[in-house]
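Note that ligands are numbered from 1 as they come in the structure, with each ligand's atoms numbered from 1 the same way.
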Amino acid sequence: MAGGSANWWQTGIIYQVYPRSFQDSNHDGVGDLRGIIQRLPYLVELGIDAIWLSPIFKSPMADFGYDIADYTDVDPLFGSLEDLDDLITEAHRYQLKVILDLVPNHTSDQHPWFVESRASRDNPKREWFIWREPAADGKPPNNWLSEFGGSGWEFDSNTNQYYYHTFLSAQPDLNWRNPAVRNAIHEVMRFWLRRGADGFRVDAVWYLIKDDQFRDNPLNPDFCPGGLPRDALIPFYTADLPEVHDAISGMRRVIDEFPNRVLLGEIYLPIERLVAYYGRDLEGVHFPYNFALLTAEWKARSLAGLIDNYEAALPAAGWPNWVLGNHDRPRLASRIGLDQARIAAMLLMTLRGTPTLYYGDEIGMQQVPIMPDQVRDPFEKNVPGIGIGRDGCRPPMQWDGSKSAGFSDVDPWLPVADNYQSENVVTFQEDKRSLYWLYRRLIEFRRKYAALTVGSYKPLVARGNLLLFCRELRDERMLIALNVGPEPISGPFLGSELSGHVLLSSFADREGEKVRGNIDLRGNEGLLVMVNPSDAV
Ligand code: NOJ
């Protein structure tokens, strides 16, 4: 693709803000929209292009905003509709896009649609949700499980039927086979698009459609007792059904009514099935989130393998993307260690595809240990003790060394990491060799050299701890050499004909160094090398 014709969501960098934990402005220990507005200059300085806000809509917060009671209003905990308008206006003033979280699979059980739906069997909203008769023995209608533990069915004694919920029982699933539901969500989308939102990250979108015959899900032969309860079954009849693509293309048509907006899908599926979400003629999401790196084995061959598989599976003109962290998965720095977090930064910012950065990963924030009495995550409460808790990756942003890390002047809703006095934005900004500065430089280079955004990707070497690849656009050629281990690597990887110079070392101390034939890497070092235009790679 030529550099000039690319869209902002292709060349740009997305930064996920988890609003509860970014910045508190009203002294209640929970982050809010005014807080985010205060911190926009930080994001501009970092160099990102778009923020994605996890849900800020009216919600009883059973699942911290992923249970929505009013799709078109802001929860008072986060501020007001005017605050959100101001945030969008301010962000746009800084040339930042704002992506909202759309949660179409389910509402809160407090949403007026569901309140009506459960009121009586003949309520006009009854068919907006998924209601079924009990089985003959009064038990749930079939074996479908909730992602968050237990049956997916909740009995409603008022009308003597069960309703289905993919997640918590406080999150009843909307019936996406009902056109009225589709229209209602489309109207929600238009509401925000008209107010200036630049698009949506669509939550749990591969779950939208369930089997209309309500067949039992098959048993998972690979399930090990003691594992995640939902893994006992294969979600054959509850997720990734063929009709889901029609539902998504309906949303995409709404997006396309407005210029320059984007639709991104949250989808956890194997790559071959994931890529179907681009749509047969790219009429699906602009991209389904690619979470392969969240669980990747941090070895050169495995990384190269998953990159190659992904590149090969993408439909022609399907735009790639990469993610290293989010609010549902353990922190990157805790998964692979702080040394390798720098290599991951280089990988994220040099691979072909839109990077999404999770707040705090730019300062290497780590998992925060959560004591049993501090647990807030409903998933952990439902399925305790097997390590799936999500609180540890959601604590307050570490801004500075003051009380509550500069996040709030009162005790925050989740504990601040112990290391906040030494590891925070201020200390990282003062140290030019910090991870923060590595991100800034990488982002600068990504902006400066189109090869890093719209250039081709060419795998070169994946051997031992070395991962080497090339990004190329016309005569702009970059080599990315990553040492994913602690031992030094040196050797003639490329033949003596190669020459160039180092643009960036992950240790920030080799810039300008000439490279000829060999590349020497210290342990845990990554290099970005500009190849002399005449040399072949
Ligand atoms: C995915 C979201 O990322 C997660 O946080 C949430 O609990 C579920 N969807 C349900 O909405």
Colleague: Is any side-chain heavy atom of F379 less than 4.5 Å from a side-chain heavy atom of F167?
Modeller: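 Result no, sub-4.5 Å side-chain heavy-atom pair not found.
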Colleague: Just let me know how H165 lines up against ligand 1, side chain, backbone, both or neither, with a heavy-atom cut-off below 4.0 Å.
Modeller: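 Neither part.
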Colleague: Using a 4.0 Å cut-off to any heavy atom of H106, which atoms of ligand 1 qualify?
Modeller: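 Checking each atom against H106, I get 10 (C), 11 (O).
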Colleague: Any idea which atoms of ligand 1 are less than 4.0 Å away from a heavy-atom of R390?
Modeller: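 Counting from 1, the qualifying ligand atoms are 4 (C), 5 (O), 6 (C), 7 (O).
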Colleague: When you compare the side chain of Y66 with that of Q171, does any pair of heavy atoms fall below 4.5 Å?
Modeller: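 Q171 vs Y66: side chains touch.
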Colleague: Nearest 0.5 Å, please: how far is OH in Y278 from CD in E283?
Modeller: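 The CD atom of E283 sits 13.5 Å away from the OH atom of Y278.
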Colleague: Closer than 4.0 Å to some heavy atom of F167 - which atoms of ligand 1 meet that?
Modeller: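 Those atoms are 8 (C), 10 (C).
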Colleague: Report, in ascending order of atom number, the atoms of ligand 1 lying under 4.0 Å from any heavy atom of F148.
Modeller: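 Close to F148: 7 (O).
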Colleague: Do K97 and D49 sit within salt-bridge range, that is, some charged N less than 4.0 Å from a carboxylate O?
Modeller: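 Between D49 and K97 there is no salt bridge, as every charged N stays at least 4.0 Å from the carboxylate O atoms.
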Colleague: Does the residue R394 have a heavy-atom contact with ligand 1, meaning some pair of atoms that are separated by less than 4.0 Å?
Modeller: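 True for this residue.
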Colleague: Is ligand 1 less than 4.0 angstrom away from at least one heavy atom of E147?
Modeller: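 Per 4.0 Å heavy-atom rule, E147 does not contact ligand 1.
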Colleague: Can you confirm whether N321 sits close enough to Y310 that some side-chain heavy atom of one is under 4.5 Å from a side-chain heavy atom of the other?
Modeller: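 Yes; the side chains approach each other to less than 4.5 Å.
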Colleague: Would you say Q398 and F407 make side-chain contact, with heavy atoms under 4.5 Å?
Modeller: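 Side-chain contact under 4.5 Å: no.
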Colleague: Report the nearest protein non-hydrogen atom to atom 2 (C) of ligand 1: residue, atom name, distance rounded to 0.1 Å.
Modeller: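 Result: D203 OD1, 3.1 Å.
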Colleague: Using 0.5 Å steps for rounding, measure from the CG atom of D173 to the CD1 atom of I130.
Modeller: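 Going from CG on D173 over to CD1 on I130, the span is 5.0 Å.
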Colleague: Please compare D67, D63, D328 and report which has the shortest non-hydrogen distance to atom 5 (O) of ligand 1.
Modeller: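 The nearest heavy atom belongs to D328.
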